[in-house]
> 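Take a look at this one; I'll ask things after.
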Amino acid sequence: MTLLYVRLVLALVAAEIRLRERFPRLMWRLTTTRRQRRALMSELQRLESDPEFAAQARARLDAEFDQQLDRAFAELLRALTDPDSPDAHG
C-alpha cells in the first residue's frame, strides 16, 4: 500500500511539473495568491473569534445546503417521473 501511495504521489508531482512547463499561464491562474490566502485566513479567524458571525455563516451554509438538496430532489423526481428520461429506467 505504501509503495502504491508513493508512486501515486510521484505521478501527481510529475503531472504538475509537466503542466507548469506546458501551460504556465493557466497554472499561474489556478494557483491561489497570498491575498486570497490572507482573506481566507482572516475569515477563519473571525469565525473562531466572533460567535455572531459564526452563527450567521452557519445559517448561510444551512440555507445553501437546503437549496441544493431541494434542487437535487426535484431533478431526481423529474427523472423518475419522466418516461423519456434516460435515467428513468436505471
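Position 1 is the first residue of the sequence; numbering continues from there. No hydrogens, no waters, no symmetry mates; every other heavy atom, side chains included, goes into these values.
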> One thing to verify: whether D82 and R78 come together as a salt bridge, which I'm taking to mean a side-chain N less than 4.0 angstrom from a carboxylate O.
no
> Does E64, at its CD atom, have more than 12 non-hydrogen atoms belonging to other residues, nucleotides or ligands within less than 6.0 Å?
yes
> So, using side chain to side chain contact (heavy atoms under 4.5 Å, CB included) as the criterion, who are the partners of A57 when residues are at least two apart?
L47, R60
> With rounding to the nearest 0.5 Å, note down the distance linking CG in D70 to CZ in F65.
10.0 Å
> Just verifying a value: how many Å separate E48 CD and E43 CD, rounded to the nearest 0.5 Å?
11.5 Å
> So, for A39 and S42, which heavy atoms are closest and what is the spacing to 0.1 Å?
O-OG, 2.9 Å
> Go through the structure and list residues passing side-chain hydrogen bond (donor to acceptor under 3.5 Å, both in side chains) with Q45, not counting sequence neighbours.
none
> I'd like to know whether CZ of R71 has more than 12 heavy-atom contacts from other residues, nucleotides or ligands below 6.0 angstrom.
yes
> In Å and rounded to the nearest 0.5 Å, what is the CG to CG distance from D62 to L69?
11.5 Å
> For the CG atom of L26 and the CZ atom of R20, what is their distance to the nearest 0.5 Å?
10.5 Å
> Applying side chain to side chain contact (heavy atoms under 4.5 Å, CB included), name anything that partners L8, two or more places apart in sequence or on another chain.
L12
